[in-house]
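Below is one structure; the comments refer to it alone.
Per chain, numbering begins at 1; letters A, B, ... match sequence-line order. Atoms considered below: every heavy atom in the structure, side chains included; atoms not considered: hydrogens, waters and symmetry mates.
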2 protein chains.
Amino acid sequence: MPAHDQSTRRTEQRRAILAALGSADRAFSAQELHERLRATEHGVGLATVYRNLGRMAEEGAIDAILRPSGETAYRACGHGHHHHLICRECGRVVELHDCGLSDWSRRIAAEHGFSEVEHQAELTGLCADCGAAA
Amino acid sequence: MPAHDQSTRRTEQRRAILAALGSADRAFSAQELHERLRATEHGVGLATVYRNLGRMAEEGAIDAILRPSGETAYRACGHGHHHHLICRECGRVVELHDCGLSDWSRRIAAEHGFSEVEHQAELTGLCADCGAAA
DNA sequence: GTGTTAATGAGAATCATTATCGATTGTAGT
DNA sequence: ACTACAATCGATAATGATTCTCATTAACAC
Ligand SMILES: [Mn+2]
Ligand SMILES: [Mn+2]
Ligand SMILES: [Zn+2]
Ligand SMILES: [Zn+2]
């Protein structure tokens, strides 16, 4: 009488992580999220934060953003192909569902005999608020 | 009578590092470069490899490429603004001095009230050789 | 409820990168 | 060529992020 089921379980920790990401408009690293979760509620173990972020990312539920420092940050984004416009001061993230690279990418790939080409792009700058700090 | 000079010294190690980078068409991480240098010649200390790559990168002498894993790889590139087309199989790097993002970047920035916007983009795929491995 | 087993969490282990600091060495000056 | 000295090197310790271990907990199908 084996309980045969390998589906994903709805744990309290995962709910907390998703909730934290969902309410923010910026991306958080595992460390940052762990810290933030420690305060509120009952906290979530660091390993659990890493595990869930990693899983959710490969399931496509959230987006992984690689910071210039090399750390990975995560954000609950809308679906479909898009890029990010990130404020390098406050971290605010704007989703860009209007991708202007497809044509360029395709053309370059052909010119150099490359196949199965993927592209990755990101814009960084100062958002309206942070840019006001003249 | 102090020897007042803070210029960059021409050390044997730096020459070796530059030579190794210059002969390759792919990017190397500090670890990889250290390993490669260990075989040939008299080898260079790991810390020295890190120091010099870091320095050369911020001096603009070489390019730093952030891999998806988070490690930083370096390559001796041509000057001026450009992007990279990288084979995800063999690591070959093609410099793209034809940047097709300026317009898109500018427009997006204006639309969202961002200023001082920089863009970063990279194409990955299979080069002609690696794509032949049907 | 009970059983099965995915999920958790405290802490050890990895791995890349950085910091130490005494030993070298490039160089301007003589 | 000889000196003086700061820049550089290199062996190694330290850091920091991420992953692994494994005993304990808790979803959830029956
Ligand atoms: Mn996104
Ligand atoms: Mn380059
Ligand atoms: Zn901002
Ligand atoms: Zn290739």
Query - Flag side-chain contact, heavy atom, 4.5 Å: B/Met56 against B/Leu18 - result: yes
Take the protein atom [atom1] of [X] and the nucleotide atom [atom2] of [N], then report the distance between them rounded to whole Å.
| X | N | atom1 | atom2 | value |
| --- | --- | --- | --- | --- |
| B/Arg10 | D/dT8 | CZ | C1' | 14 Å |
| B/Arg38 | D/dC9 | CZ | P | 18 Å |
| B/Glu35 | C/dA16 | CD | C1' | 15 Å |
| A/Ile17 | C/dG9 | CD1 | C1' | 12 Å |
| A/Asn52 | D/dT19 | CG | P | 13 Å |
| A/Arg15 | C/dA7 | CZ | P | 17 Å |
| A/Arg55 | D/dC20 | CZ | P | 14 Å |
| B/His34 | D/dT12 | NE2 | P | 12 Å |

Query - Linked hydrophobic residues, A/Leu66 as query - side chain contacts closer than 4.5 Å - result: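 Traced through the cluster, A/Leu66 reaches B/Leu66.
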**Report entry** Distance-only donor-acceptor test, A/Arg9 side-chain atoms vs C/dA7 base atoms, 3.5 Å
**Finding:**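 No, the side chain and the base share no sub-3.5 Å donor-acceptor pair.
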List in chain and number order the residues that pass side-chain hydrogen bond (donor to acceptor under 3.5 Å, both in side chains) with [X], two or more places apart in sequence or in another chain; answer none if no residue qualifies.
| X | value |
| --- | --- |
| A/Glu118 | none |
| A/Thr72 | none |
| A/His112 | none |
| B/Arg107 | A/Asp98, B/Glu111 |

Report task. For B/Thr48, answer base if it contacts any base atom (sugar-phosphate contacts may also be present), sugar-phosphate if it contacts only those atoms, and nothing otherwise; contact means non-hydrogen atoms under 4.0 Å. Result -> base
Requested in this report: Scan A/Arg67 against the nucleic acid and name what it touches under 4.0 Å (heavy atoms): base, sugar-phosphate only, or nothing.
Outcome: nothing
**Report entry** Bending between helix ends of the helix from C/dG1-D/dC30 to C/dT30-D/dA1 [5 pairs per end, 10° resolution]
**Finding:** 50°
Requested in this report: Using ring-ring contact (aromatic ring centres under 6.0 Å, His included) as the criterion, list what pairs up with A/His81, not counting sequence neighbours.
Outcome: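 Scan of A/His81 (ring-ring contact (aromatic ring centres under 6.0 Å, His included), adjacent residues dropped) gives A/His83, A/His119.
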Requested in this report: Using ring-ring contact (aromatic ring centres under 6.0 Å, His included) as the criterion, list what pairs up with A/His84, not counting sequence neighbours.
Outcome: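 A/His84: ring-ring contact (aromatic ring centres under 6.0 Å, His included) contacts with A/His82.
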Query raised in the report: Considering only side-chain heavy atoms of A/Gln13, which listed nucleotide, D/dG10, C/dA7, C/dG9, is closest?
Result: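 My answer, after comparing the listed nucleotides, is C/dG9.
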Restricting both atoms to N or O, compile the protein contacts to nucleotides 17-20 of chain C shorter than 3.5 Å, with distance only.
residue, atom, partner, partner atom, Å
C/dT17, OP1, B/Thr72, N, 3.1
C/dT17, OP2, B/Tyr50, OH, 2.7

Query raised in the report: Do A/Glu32 and A/His34 get their side chains close enough for a donor-acceptor pair, meaning under 3.5 Å?
Result: no
